[in-house]
2 protein chains.
Amino acid sequence: MTEKEKLIYAAKARVIKALAHPTRLWMVERLADGERCVCEFADDVDADFSTVSKHLALLRQAGIVEDEKRGKQVFYRLKVPCVIKFMNCVEAVIESQAKEQSALLK
Amino acid sequence: MTEKEKLIYAAKARVIKALAHPTRLWMVERLADGERCVCEFADDVDADFSTVSKHLALLRQAGIVEDEKRGKQVFYRLKVPCVIKFMNCVEAVIESQAKEQSALLK
DNA sequence: ATTATATAGGGTTATTTTGCCACGTGTGCA
DNA sequence: TGCACACGTGGCAAAATAACCCTATATAAT
């Protein structure tokens with residue numbers, strides 16, 4: 001791994017890390033259906049409002065979502081929709097593992 | 001987020017988290033070209049041998065790679081190749097951000 | 001049989017992440 | 001003007017992660 005690669009892979013890992021949290025992942029998938037304000041997420045997610053706000057800020061800093069303030073509310077939307085496609089692959093990984101697990105029991 | 005969703009998204013996040021590390025990500029991309037033993041990675045990566053071994057074990061536990069022992073060596077290979085496709089999207093996120101950054105300087 | 005090599009796993013410490021609380025800011029409404 | 005709501009931020013403690021060193025095991029070579 002060259003020095004240049006270290007920088008590149010640190011940047012890539014930073015983006016992926018932003019997705020690597022149950023709540024953030026859930027929110028990103030909700031955004032696939034359209035924009036949402038922080039307050040809507042705060043109602044649905046079992047966490048403090050400030051925690052939700054920080055999760056969204058992290059996703060924004062990673063370049064995955066963008067925000068727009070309208071009146072009192074701030075709306076977030078997916079900036080790079082391709083992340084949603086990846087979920088099929090993640091599910092494939094989990095299903096592949098589930099099969100192995102059940103095979104062990106036979 | 002329902003209780004069931006909490007479990008599902010915890011599982012998904014666990015898979016993504018396995019990819020969310022520069023070294024692990026680099027190794028996964030190398031495996032796209034074919035299997036490799038731990039010792040090859042240990043030579044290329046600037047980290048302790050045991051650290052590399054643990055990274056690979058984590059990827060295996062996440063269901064992303066699988067291993068096979070042949071002689072003294074253990075070879076790892078990609079179990080779910082679709083993860084590689086995702087890298088295009090991650091790069092798109094980074095490029096999109098890089099554009100914004102440079103736009104700010106103008 | 002001894003030795004060397006390839007790897008996994010335990011223990012420990014430093015770093016990072018997470019989540020809550022308390023507080024400050026901006027916006028609209030009464 | 002005063003109030004309430006929607007957000008973001010700083011600070012702090014707990015939890016998770018990472019990376020090192022050391023040791024154990026298995027296999028091959030001498």
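Below, read A as the first sequence line, B as the second, and so on, with proteins coming before strands; counting in each chain starts at 1.
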Item to check | Along DNA chain D, first and last positions that approach a heavy atom of chain B under 4.0 Å | outcome: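 Range of nucleotides within reach of chain B: D:dT17 to D:dA28.
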
Checklist entry - C:dG11 base to B:Lys54 side chain: any donor-acceptor pair below 3.5 Å? => result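 Side chain to base: pair present.
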
Euclidean distance, atom [atom1] of residue [X] to atom [atom2] of [N] [Å, nearest integer]:
X	N	atom1	atom2	value
A:His55	C:dC20	NE2	C1'	11 Å
A:Leu59	C:dT18	CG	P	11 Å
B:Phe75	C:dA8	CZ	P	12 Å
B:Gln73	C:dA4	CD	P	19 Å
B:Phe49	C:dG9	CZ	P	13 Å
B:Asp48	C:dG9	CG	P	15 Å

Next on the checklist: Would you say A:Phe75 ends up clustered with A:Met27 if hydrophobic residues are merged whenever their side chains have heavy atoms under 4.5 Å apart, either directly or through other cluster members?
Outcome noted: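 Different hydrophobic clusters.
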
Item to check | Linked, directly or transitively: B:Ile94 and B:Trp26 (ILVMFWY side chains, under 4.5 Å) | outcome: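 Linked, B:Ile94 and B:Trp26 end up in one cluster.
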
Item to check | 5' precedence on DNA chain C between B:Val38 and A:Asp46 (nearest-nucleotide basis) | outcome: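 This one resolves to B:Val38.
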
Item to check | Residue closer to the 5' end of DNA chain C, A:Gly71 versus A:Thr51 (nearest nucleotide) | outcome: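 Its nucleotide being nearer the 5' end, the pick is A:Thr51.
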
Item to check | B:Asn88 side chain near B:Glu91 side chain, heavy-atom distance below 4.5 Å | outcome: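 In contact.
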
Item to check | Strand-adjacent residues in residues 6-31 of chain A, judged by heavy atoms under 4.0 Å from DNA chain D | outcome: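 By residue number: none to list.
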
Next on the checklist: Can you tell me how the ring of B:His55 sits relative to the ring of B:His21, calling it parallel under 30°, perpendicular over 60° and tilted otherwise?
Outcome noted: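 Correct class here is tilted.
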
Next on the checklist: Just to be sure I understand the rule, does B:Phe41 reach a base, reach only the sugar-phosphate, or reach nothing, if contact means heavy atoms closer than 4.0 Å?
Outcome noted: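 No contact.
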
Checklist entry - With a non-hydrogen cut-off below 4.0 angstrom, is B:Tyr76 in contact with a base, only sugar-phosphate, or nothing? => result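 Sugar-phosphate, backbone atoms only, no base.
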
Next on the checklist: Test side chain to side chain contact (heavy atoms under 4.5 Å, CB included) on A:Tyr9 and B:Glu29; report intermediate values, then the result.
Outcome noted: CA-CA 10 Å; A:Tyr9 284 84; B:Glu29 287 201 29; 2.9 Å; yes

Item to check | With B:Lys6 via salt bridge (charged side-chain N to carboxylate O under 4.0 Å, His left out) - residues at least two apart | outcome: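 With neighbours one apart ignored, the set is A:Asp46, B:Glu3.
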
Next on the checklist: Before you tell me yes or no, could you show the steps for B:Val28 and B:Ile84 under side chain to side chain contact (heavy atoms under 4.5 Å, CB included), namely the whole-Å CA-CA distance, both residues' side-chain angles and the distance that decides it to 0.1 Å?
Outcome noted: CA-CA 8 Å; B:Val28 165; B:Ile84 296 298; 4.2 Å; yes

Next on the checklist: Has A:Glu40 got a side-chain atom pairing as donor or acceptor with A:Glu35's backbone, closer than 3.5 angstrom?
Outcome noted: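 No.
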
Checklist entry - In a check of salt bridge (charged side-chain N to carboxylate O under 4.0 Å, His left out) between A:Glu66 and each of A:Lys79, A:Arg77, A:Arg60, which one passes? => result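 The single option meeting the salt bridge (charged side-chain N to carboxylate O under 4.0 Å, His left out) with A:Glu66 is A:Arg77.
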
